[in-house]
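Numbers restart at 1 for each chain; the letters A, B, ... are given by sequence-line order, proteins then strands. Every heavy atom of this structure was used, including side-chain atoms; hydrogens, water molecules and symmetry mates were not.
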Amino acid sequence: MQFGVVRFYGSNCDWDCAHVIGRVAGAPVRFVRHDEDDLADIDCVVLPGGFSYGDYLRAGAMAAHTPVMEAVRTFASAGRPVLGICNGFQVLCEAGLLPGALMVNGGLRFVCHPTHVRVEDNETPFTMPMEPGSVLALPVAHHQGNYQPPPGRFDARVVLRYCDPTGSISAEANPNGSWDNVAGIANLRGNVLGLMPHPERAAESILGSRDGLGLFESVRSWWEGGTAYV
Amino acid sequence: MLRASVYVTLRPGILDPQGETIRASLQRLGHAEVEAVRVGKYLELDLRTEDRNAAEQSVTRMCDALLANPVIEDYAIEIMDGESTCSLE
Amino acid sequence: MLRASVYVTLRPGILDPQGETIRASLQRLGHAEVEAVRVGKYLELDLRTEDRNAAEQSVTRMCDALLANPVIEDYAIEIMDGESTCSLE
Amino acid sequence: MSDGRPWEAVGLTQEEYRAICAELDREPNHLELGLYGLMWSEHCSYKSSRRHLDRLPTEGPQVLQGPGENAGVVDIGEDMAVAFRIESHNHPSAIEPVQGAATGIGGILRDIFAMGARPIALLDSLRFGDPADARVRYLFEGVVAGISAYGNCVGVPTVGGEIVFDDAYRDNPLVNVMCVGLVERARLVRGTAAGTGNVVLLVGAPTGRDGIHGASLLASREFDENPGDMRPAVQVGDPFREKLLIEACLEAVQSDDVIGVNDLGAAGLTSACSETAARAGSGMQIDVGRVPRREPGMNPYEVMLSESQERMLVIVRPEGVARVQSIFRRWDLAAVEIGKVTGDRCLRVFEEGREVAAVPVQSLTDGAPTYDRPWKSPEVETSRWEPGIAQGPDPGDALTEMIGHPAFASRRPVFEQYDHMVGINTVLAPGAADAAVMRVKGTDKGIACVADGDGYLCALDPRRGAERSVAESYRNLSSVGARPLAITNCLNFGNPEIEEIMGSFVEVIEGMRTACLALDTPVTGGNVSFYNETRGRQVHPTPVIGMIGLLDDVERHACSGFLRAGERLFILGRGGENLGASQYLRLVHGISAGPVPAVDYPLERSVGLACRRAIAEGIVRTAHDVSHGGLGVALAECALTSPCGLGAAVDLSGCDDPEVAFFAEDGSRILVAVSPEFAPRLREIAAESRCPLKEIGRVGGDHLEIALEGSRVLRSSVQELRNAWERGLE
Ligand SMILES: Nc1ncnc2c1ncn2[C@@H]1O[C@H](COP(=O)(O)OP(=O)(O)O)[C@@H](O)[C@H]1O
Ligand SMILES: [Mg+2]
């Protein structure tokens, strides 16, 4: 199984994701350029965090129109797993692969600090081994993480919500004012997951938490388990 | 040469924390008459064309594709003569 | 009720990295006719007053104090009737 | 030249103009005069400071590159090296705080990756007036927003720094930024243009009219002008392009095609071309007609003097030009051939084939005049505080007051706006310890870094103030377990033409020299910012020290918070006898009185050594130096940064004056906590290191309790302290 970490101009968590996937989880990984259109050798696409195109205009807007995103669209529609982290989540929303939008934080400022998230849905390749209701310590670092659903029906799954360390959902635990404390959502099929917190920053004990490693390991065991594409 | 002005605003009903913060600051500065503030974007595009209709159509496509996010934003377009007339001078 | 539209733009000669990046992106999307893009802010203020002159003066003060950064930005103001007419609808 | 006093337009004196004429054997033309004006400005030439800076010790086995390059470089073993430097962006930030600070970050990053090093950490050392003042707030919030916007976007974590509020900085905020980078020794690049015939590429952003006569002249003159007139000098940063520039440059220097790299900072092309040529003893010819422009109608003068951001000069072998250009193209950047290296030691500027300037390279750089400005040592504040001054307030109240004062309040509202984790190397983040610690992937090592200054002490006694700043940085690094390696420094002063200002500058340098020699931390570079003055108001003499240290095993480090109830608390070192120059006297009693305590270097070294050994052996995981606010504030900070909200019970016997016992800042002390079974080993380590050791209490509970000679004088709940501490900056 091979992971592909997409590098847009301005991505800056690309190396971090590759380090965690390759060195910590020990899985094969390669970088995918923003202008590639062939993902045949990739089994899981990771859209990393950062400031693609400087986050100018709107975070993720310009990256959503790069050639590689056409390939990611096809990849996703075949049921293959796609993980968008932070800026990657913003790109997925802008590309229409996930519904809704990520607006500027309620406090109007960039926030970088530890948060806790509660697993609400484990029927995705990324959260399979996690108990619903379990709590992960994952940090956030973003300026536009205030998730707002699209008008009308919400055709997606809420996978992660900001909570306190005991798992209770509260306004104080919400770092950015996002709707219903949403930290991460997946499409109805579950194969496309976007989240604002950074699992790759919580994958080694020297950095304080290993809770984030689970997402990468989950998708690998899902793949190795030979599970048919969802 | 034509110039297009594009106004991008948040759709009604979408929360505008920035507008709200500015309103509060203006009131603190003594401007009690300010009832509401909405913050949007203003873009000026210089277009190498003289065809107003074509310009309007292509700017509409740009807005739909990139300049505005239909989930949260509305937009309006104005086409003017370029160079000579600048809305702001 | 009056409505003020405020357009805030970068002063000439000041670098506009957003505009430049958007231009490049529009060109990649096939809009070769786009020669330049400048990005500014567009604000709408609802004012509890009927006095256009007073409104214009007070919005000017707001711009000088808060809404625009005189070191790098210019602004322009338009005053319209509120509620009923909205430039964007 | 029609103007009778042409030198004035470029900020030079008549004597300097004469020297230029003598050098050229003719009058310079308009462009040539512009080149000299820039390169001989205080900011670029260090003409008032150079002879004094030469006093600083710069050598040591760890130093791979001392002053004179884009950044200093120290060896950290295993073929790895660390490049680091600090720089000021004071004047631009006073005019436009967001962009001023942002472009400061951009500039210091370019100094680091110009060396071929990947930037892994940023630090910011900030000084403002009273945050209750609306204008000061605006500057403070703007500067933080600018650093946040730029640093976060380029993906380099901002992991440390300091914020000082003092009325002396009301009109002249100080914005000093430091960057630390990592490079394989073999891949170190230098800013040299060697080899006749090699090609000069200009890379990155097109050139606009930004900052013509900007940073350099602005920072070289008094600052009385109306900010409105400074508009042309305001530069806007583009962190997105900088990110591309970092990646592209670091990729390009992997090839052997690249001879040298230099950033374009103050003085733009003029400085980059002349400095790279001067370092190599070569010449250069460039054609301004080839320089990509952002604005139409720019003349050679404007192109040569522009300070447009996000540009680099890359010197390349002719056969490698196409390869290097294709690397930049892949990063969506222009890399345009603008000239070549020559052997005639001349900087020749052409426009469309016509020579428009020709000046000897060395005359622009080393040939700049240097001045021995008259100076006189300022009076040193030695007046003694009166012991037992006023039956001061209750120590508990005083402690709460201090902890909630902007001087001590939690910096979380600021550092939360900085991405301090990107790069996944940050082992000790802001707020966790006395210094930031970054791991070095692929090794067991860690790099610790700190930026620290003390303008208040230097205002009272510049020499001792500077010594204490170096000593505190040294102690901060020891407190996390790192061995101090070297320093960089940023010297922020008022107008050097005033004898006392120049005198305090000289004294500060002497103090730094003494401390660096005594502590084995050579100076690898730095920056001088004069003319931090508005309408006769000068900033405090403010040297900011940026120090780098090394941990052999990054897992063995200490943070400042209490970790486990039942651990025993010790003080390594000695001190706490003298309230002179303390924050307590100043904030609580409103007394600015000396004397500034002297540094006891043998003590300082043994405290550092003992602390580092205890941490390296794994027996100490909580350590915090006693500095501003004395022992009282240090203990409170250990409780406030405890991840589990732990307090402590302490008895400070041996001192009968609670004010002194709580708040004196003299001496050299580090608080450490060890679990009881390791206490004997700690005693051995202290004895072997000749470090005084004193047990003072135990970690535990949710209160801070302090007794003197058995009777309790203070009992505060950690939660109550926290409430004051967290609200102090609001
Ligand atoms: N401007 C800043 N940028 C980033 N971090 C900062 C800044 N100012 C302070 N910090 C961080 O906040 C913490 C507390 O700062 P400070 O009060 O200066 O600590 P100390 O007095 O122990 O040196 C440190 O970890 C420091 O690195
Ligand atoms: Mg400090």
Next item on the list: Name, in order of residue number, those residues of residues 60-67 of chain B that have a heavy atom at a distance of less than 4.5 Å from a heavy atom in chain C; otherwise write 'none'.
Entry: B/Arg61, B/Met62, B/Leu66, B/Leu67
Item checked: Test item: B/Tyr75 and B/Lys41 side chains (from C-beta on) under 4.5 Å apart, heavy atoms -> no
Next item on the list: Measure across B/Arg11 and B/Pro70 and return the closest heavy-atom pair with its distance rounded to 0.1 Å.
Entry: NH1-O, 2.9 Å
Margin query: Tell me whether B/Arg48 is salt-bridged to C/Glu35, with the criterion being a basic N under 4.0 Å from an acidic carboxylate O.
Written below: yes
Check: What closest approach, in Å, do B/Val37 and B/Val34 show between heavy atoms, and which atom pair accounts for it?
Finding: CG2-CG1, 3.6 Å
Next item on the list: Please flag which part of B/Ala32 lies under 4.5 Å from any non-hydrogen atom of chain C: side chain, backbone, both or neither.
Entry: backbone
Notebook entry, point to check: Tell me, side chain or backbone of C/Leu29 under 4.5 Å from chain B's heavy atoms, or both, or neither?
Noted result: side chain
Check: Less than 4.5 Å apart, any side-chain heavy atom of C/Leu2 and any of C/Arg52?
Finding: yes
Checklist line | Residue C/Ala4 versus chain B: region with a heavy atom under 4.5 Å | finding: neither
Next item on the list: Of all the heavy-atom pairs spanning B/Gly30 and B/Glu33, show the shortest one and how long it is.
Entry: O-OE1, 4.4 Å
Notebook entry, point to check: Does a side-chain N-to-carboxylate-O contact under 4.0 Å join B/Arg23 and C/Asp46?
Noted result: no
